[in-house]
Number of protein chains: 2
Amino acid sequence: MWPLREVAVNQPAPPIQVDRNSPVPLYFQVAQHLEQQIESGELATGSRLENEIDLADQLGLSRPTMRRAIQYLVDRGLLVRKRGVGTQVVHTKVRRQVELTSLYEDLVKAGRDPRTRVLSFGREPAPATLVLEFGLAEGTEVYAFERLRYADGEPLALMRNYVPSGLMDLTPEDLERHGLYNLLRAAGVNLRIARQSIGARTATAAEARALGETRGASLLTMERVAYDDHGRVVEHGKHIYRASRYSFDLTLTGW
Amino acid sequence: MWPLREVAVNQPAPPIQVDRNSPVPLYFQVAQHLEQQIESGELATGSRLENEIDLADQLGLSRPTMRRAIQYLVDRGLLVRKRGVGTQVVHTKVRRQVELTSLYEDLVKAGRDPRTRVLSFGREPAPATLVLEFGLAEGTEVYAFERLRYADGEPLALMRNYVPSGLMDLTPEDLERHGLYNLLRAAGVNLRIARQSIGARTATAAEARALGETRGASLLTMERVAYDDHGRVVEHGKHIYRASRYSFDLTLTGW
DNA sequence: GTCAATAGTTTGTCCTGACATATTTACGTT
DNA sequence: AACGTAAATATGTCAGGACAAACTATTGAC
């Protein structure tokens with residue numbers, strides 16, 4: 001299971017060079033180089049790295065700096081370490097992080113030509129459920145809006161959202177042109193964490209009509225609250241998706 | 001947004017004590033103490049910590065150790081740091097990590113009295129889809145089994161799974177008594193990452209009968225592949241849940 | 001030949017010390 | 001009074017060294 005020594009160790013000296021005058025931290029330069037070598041296959045899947053001390057010597061760095069570079073890649077799941085044994089490149093299949101993105105960005109990435117129609121838009125006091133369930137300050141004014149999201153010209157999702165109006169200025173035009181999360185980021189909001197609940201139910205007549213489904217079709221439902229890095233509620237959404245055209249893909253990591 | 005200094009700084013000396021004879025690393029002891037103080041409200045939401053150097057002095061630790069303790073909590077989202085400013089406790093609502101758990105554990109935690117009935121169990125060569133889609137080595141023998149999961153005496157989910165037989169010994173009795181992920185962990189498998197796809201569809205007649213739903217009811221579907229820390233495929237599952245009784249709750253973190 | 005003790009390798013933890021950089025606060029000049 | 005500059009403050013990065021603990025492989029005893 002753990003490869004033999006002679007077989008596993010790669011090139012005697014990985015040709016990494018660090019630039020001490022760069023503003024980029026040394027540990028990060030090393031981490032990037034290593035990541036690139038892993039990604040390019042230069043450091044093969046399953047192969048063992050040389051030990052920290054030798055690597056540090058070869059690059060003219062201290063061991064703590066080398067360790068930090070390696071730790072960074074361990075945290076991102078590219079390397080595995082075992083005390084008394086060594087550091088090994090993880091199988092390629094096990095990459096990628098959990099990301100906090102929105103439907104709009106996902107669709108753009110997938111080249112699915114997203115369009116948005118704003119069905120309703122307004123400002124109002126935050127509804128009681130938001131205050132009670134998610135700890136929004138009482139009396140906060142929020143934008144409330146409803147959007148229909150299309151992909152490749154076909155309706156895909158019906159989205160109802162609340163956003164505290166103190167965070168940013170928002171217009172229906174903004175929402176037609178950009179994804180909500182991009183707008184939040186552009187306003188300087190640092191999304192840090194979001195709680196989602198994903199379920200399913202059958203469509204009501206009105207929902208079926210809006211989404212172009214038949215009555216009684218299965219829908220994916222998603223309710224989400226997002227917080228910024230100070231713990232303020234930044235967004236609340238209740239979305240429904242056509243199950244025939246959408247599914248949630250996610251990557252979970254455990255210790 | 002960032003609280004004033006005089007207001008924010010808490011007790012002059014948090015009464016933390018570390019045990020240098022404990023096998024638990026010092027940085028971890030400190031992190032746990034701090035976490036407990038935050039959880040108990042002793043360190044209030046939004047309050048600022050003293051600076052690293054003073055804290056280290058007060059505990060008789062070096063700055064790197066203190067930093068590591070703080071960094072641990074920053075990574076877990078309990079603290080926020082800003083260079084030149086300080087370290088602040090994040091709002092209470094923004095806790096909790098993504099966890100790699102199984103339905104069984106979740107139900108136990110919720111006190112829902114989980115039961116499992118094994119509908120079928122066998123060993124067979126890995127099906128072609130597993131080899132092609134998820135990179136399982138060709139010719140691998142796998143356990144293939146089907147389980148019906150009950151909560152509080154009511155059927156909740158129908159689960160079809162594959163597990164490479166080389167990983168562990170598995171019997172239907174094991175599966176009736178424990179969750180799959182607990183069994184894997186007990187066999188020394190380190191779950192590291194899982195890819196899930198969550199969708200919805202209407203129940204077939206057979207599925208509806210097994211789950212006690214009416215025909216045409218909405219079901220939540222989940223397909224998952226889990227990998228261990230060496231990148232080996234450890235488990236594949238295709239599950240269906242009664243949408244009327246189950247939803248996926250998840251927490252996403254972004255940078 | 002088998003098993004237990006031992007030596008060697010590698011990562012884990014912790015220390016002291018130094019300088020860099022971002023941010024806020026205070027001061028002094030205009 | 002307003003503005004730009006400097007000082008104070010806090011975290012970020014890096015070095016070099018020491019010892020501990022886990023794991024592997026070898027050696028030695030029976």
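We name chains A, B, ... by the order of the sequence lines, and we start the count at 1 in each one.
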Q: Starting at the 5' end of nucleotides 11-18 of chain C, put B wherever the base has a protein heavy atom under 4.0 Å, S where only the sugar-phosphate does, and a dash everywhere else.
A: BBBSBB-B
Q: Evaluate the side-chain contact (heavy atoms from CB on, under 4.5 Å) criterion for residues Leu55(B) and Val30(B): first the C-alpha distance (whole Å), next the side-chain angles of each, then the deciding distance (0.1 Å), finally the verdict.
A: CA-CA 10 Å; Leu55(B) 280 175; Val30(B) 175; over 6 Å; no
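- With sequence neighbours left out, the salt bridge (charged side-chain N to carboxylate O under 4.0 Å, His left out) criterion links Arg83(A) to no other residue.
- The interatomic distance linking Asp19(A) (CG) with dT13(D) (P) rounds to 16 Å, in whole Å.
- You'll find the ring centres of Phe28(A) and Tyr72(A) inside the 6.0 Å limit.
- For Tyr162(A) and Tyr143(A), the ring centers sit 6.0 Å or farther from each other.
- The CG-C1' distance, from Asn21(A) to dA20(C), rounds to 14 Å in whole Å.
- At whole-Å resolution of the value, CG in Asp57(A) and C1' in dG17(D) are 13 Å apart.
- With salt bridges taken as basic N to acidic carboxylate O contacts below 4.0 Å, none links Arg160(B) and Glu223(B).
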